[in-house]
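Letters A, B, ... are given to chains in the order of the sequence lines, protein chains preceding strands, and every chain is numbered from 1.
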Amino acid sequence: MVVLLGLVVSVVGALPAEKAVMTQPPLVPPAITRTTPAKVTVELEVVEKVMQLADGVDYVFWTFGGTVPGSFIRVREGDTVELWLENSPHNKLPHNIDLHAVTGPGGGAASTFTAPGHKTRFTFKALNPGLYIYHCATAPVGMHVANGMYGLIYVQPKVPLPKVDHEYYVVQGDFYTDADFGVRGLQPFSMKRAIDERPSYVVFNGSALSLVGDRALKAKVGEKVRLFVGNGGPNLVSSFHVIGEIFDRVYLEGGQKTQEHVQTTLIPAGGSAIVEFKLETDGTFILVDHSLFRAFNKGALGMLKAEGAGNKEVYSGREMEDVYLGDESVASSVKATPVAPTAPVAADGKALYAANCAMCHQPEGQGLPGVFPPLAKSDYLAGITSSRRAEIVEFILRGKAGKLTVNGVEYNGVMTPVAGLDDVKLAAVINFVATSWGNKSAPYSTAEVKRYREALPPASAPEH
Amino acid sequence: MLSVLAAAVLAASPDGGGAVTLPAGRFAPLFGLDEGQKDFAVAAFRLDVRPVSRAEFAAFLEASPAWRPDSVSRQLAEERYLASSKDAHSPRAPVVDVSYFAAKAYCAWRGQRLPTTLEWEYAAAADEVTRDASGDPAFVQRILDWYSRPSRPGELDLEGSPRNVYGVEALHGLVWEWTSDFNAVFVTADNRQDGEQPAGTMCGAGATGSARREDYAAFMRYALRSSLSARSTLPTLGFRCAGAAR
Amino acid sequence: MRRPLALAVVLAAGLAAAGDGAAGRSVLAVETAWRGEDGARVSLSKWKGRWYVLSFVYTSCAGSCPLTTKKLLRLDAALQKAGKPLPTVIVSLDPAHDTPAEVAKYRERYGLTGAPRFSVLVGDDEQVRSLSLLLDFRYTRNPESGVILHDNVVYLVAPDGTVRTHMSSLAEPLADFVDAVPAPAPRR
């Protein structure tokens, strides 16, 4: 996973020459310990390739180095950088690179305009320290960027930032496909949606899957973390936030000025920020674009898992729960009609779950403590009572806002409605959940789902 | 009716591809028009139905030893010249990895020439039913889908290429193609210098100056052309010949 | 919105990409045929074995070509001063319009009359296109309005016909170009 191009040191003229150490996301090359300038060679290969944009969703990405974002480049303020751009002969298109760290017309774009099967080179001096986006600038520029052609170059200041325990590389990007989020298969780029600025995906590191589950960023309680965060765009501005953390320090817009105690930092398209925080307690911290529908409906969600001893003084966890009779509202009783347990098998409930539910409730239904309730080993689902059968259909179709208690833990979040499920698919996905991970409930028939759907109030009611 | 006409002018050639005559007309290419100019006149011309095949090019090499890979000058063709001729493709597949100079020499050997960019774009704007479908989002998206895909060995398969309203096949979806004046357009390496550049020549300016700012497929063709040098050889770049209308 | 006079000037900005590849290119890789001053046919191989300066203009051009011509005159003077005078070959981008009479007027206008070191070559569209492709020199002519957009470049051609160096005909100073000419210039 890590591309370490190795350090080859020789002497060219007055400057020592070396090859840049570059890394694939989410890793960042080690801090540069040199205290004098060098001539640094950077080689970037443009690769057009198919990768996953979300579970089961393939997309043709155009990349710098085979990943989205492209390889992380780290140089030092005052270095002379010789940049090679190689365009694979198997690519169909010409490409180039504009590095925002470059002082000069086009940021290198004209000098690196490269036909397939060719390579070009240019040299620049890294005059200004900071964290900069680089991207392709070949016509149509928006499309090259929308297909993933961006990454970060960090010009480490002469006086480096204080040491931290972990540095990670995260770049947000918006993607445009004809089909909505989650529709499986190879999805082509939609020019129309891109022009209308209506992304179907907003993700970190090129995929809704890149920073979740096993690929979550990792650290230990007590450690300091620095995130190099970029926004490739092409269209959206990011309200970058980590749920449950406060940034101790933000280098605003990737520059030198810092702000302390920041909840959410704005990252413009084609811009960056460096954020730092210390992990004071354990748990999973969720990276989001706080324009929340992007996070929960379009994929802009990542995770940082902090392992170690929790600190009850910092965060107690749930301390009590009791009945509260506000205005003594009387619960309405919903009577469910018994139905014959004939489960539809036409739709793939597991795949539907992966596409629609796993993002929040997690691949194994384990949920995220305090954020998303578990579906596995869930007392709420353990044996779905007849009164609850209709409620579950309603949650999925209409969403759910407000308090919900599962396994004794209170959740107070928002579940957004799931679109695009017909009765057959809906029954399939519920039956998958109702019979997996130890849940044992009577399956739903398509007819039963249909009946509950038809009994629902109109979808436009905002309080749902 | 047009397709009937096209079929009628199909001429026989060794590989059965032949050429068709395209009628005169007027056409607005993405670039090249002056401010206020609506379109260009295009005179009638003949155009090969298909890109030149490997077999056809092999016959040329047989007759023209100077153009064989072992004798051609590096001034006229890059190292990759005809490199992918070793790959397993049908002899009917388009010849690729061929430089402009070699393509031009081939057409001259046949008593013909390369089409101009204007002629090529004029022919390529047609879909199966209309002469100028370049404003049809579905047509543009279809072309774009091919441009967006990395090339794969073995995809140079002509079978199933739709025949456009003039009777020309595979202008899209198979390979890029040389045009005689591909270096005529100033789509620069850095295409964002709007305002600084003459309208209609830089692609950034073109985005506002061109007739069809949503024709991303055409933008990509012009960008590709502007990245080429006449000795360039690409595994996705072939050509077809043109000539005077009969 | 379009500014014909300014066009040619700004086009130089895009030159870096195309021009970088020009070094090492041979103008003799494809034979091109031209009409010289006296109406006689001439090929660029006439200059084989010599160093010379090569550029493109067209005589009715009111934008960058006058600047290019002035630059060629300044270059000529600088080369003389450095003790390495070279012939200069100017190729017309507009063969249909640049008749012998127009070329004579152009020479008159810029004082090229008494300068035998300057040759103005006129060919046909095919010859101009071929030479432009050998050099990665970009130009386009609008067939209906006659407007020509083109790069602005001056090339230094070595005795074997390959390009040794090149510069923008508009902005760059002359010194590097003059330095690239070996001294004393080999002459026959």
Review point. Checking B/W176 side chain against A/L93 main chain: does a donor-acceptor pair fall under 3.5 Å?
Key: no
Study note, to complete from the structure: Residues pairing under salt bridge (charged side-chain N to carboxylate O under 4.0 Å, His left out) where one sits in residues 136-148 of chain B, two or more places apart or in two chains, turn out to be B/E128-B/R142
Exercise for review: Examine distances only and state if a side-chain atom of A/K192 and a backbone atom of B/Q141 form a donor-acceptor pair shorter than 3.5 Å.
Suggested key: no
**Study point:** chain A contact via B/L224 - which portion, at a heavy-atom distance below 4.5 Å
**Key:** both
Review point. If every non-hydrogen atom of A/N91 is compared with every non-hydrogen atom of B/T236, which pair is closest and at what distance?
Key: O-OG1, 4.2 Å
Practice item. Using non-hydrogen atoms and a 4.5 Å limit, figure out which bit of A/H118 sits close to chain B: side chain, backbone, both or neither. Key: side chain
Review point. For A/E77, does the CD atom have more than 12 heavy-atom neighbours from other residues, nucleotides or ligands under 6.0 Å away?
Key: yes
Review point. Salt bridge (charged side-chain N to carboxylate O under 4.0 Å, His left out) with A/D174: which residues, sequence neighbours excluded?
Key: none
Review point. Looking only at heavy atoms, which two atoms of B/A223 and A/F113 are closest? And how far apart?
Key: O-CZ, 3.4 Å
Check your understanding: Contact part of A/S190 toward chain B, heavy-atom cut-off under 4.5 Å: side chain, backbone, both or neither?
Key -> backbone
Study note, to complete from the structure: Closest heavy-atom pair, B/P235 versus A/P89, reported as atoms and distance to 0.1 Å, is CG-O, 3.0 Å
Point to revise | Most contacts with chain B, counted as non-hydrogen pairs under 4.5 angstrom, among A/P116, A/P188, A/G142 | key: A/P116
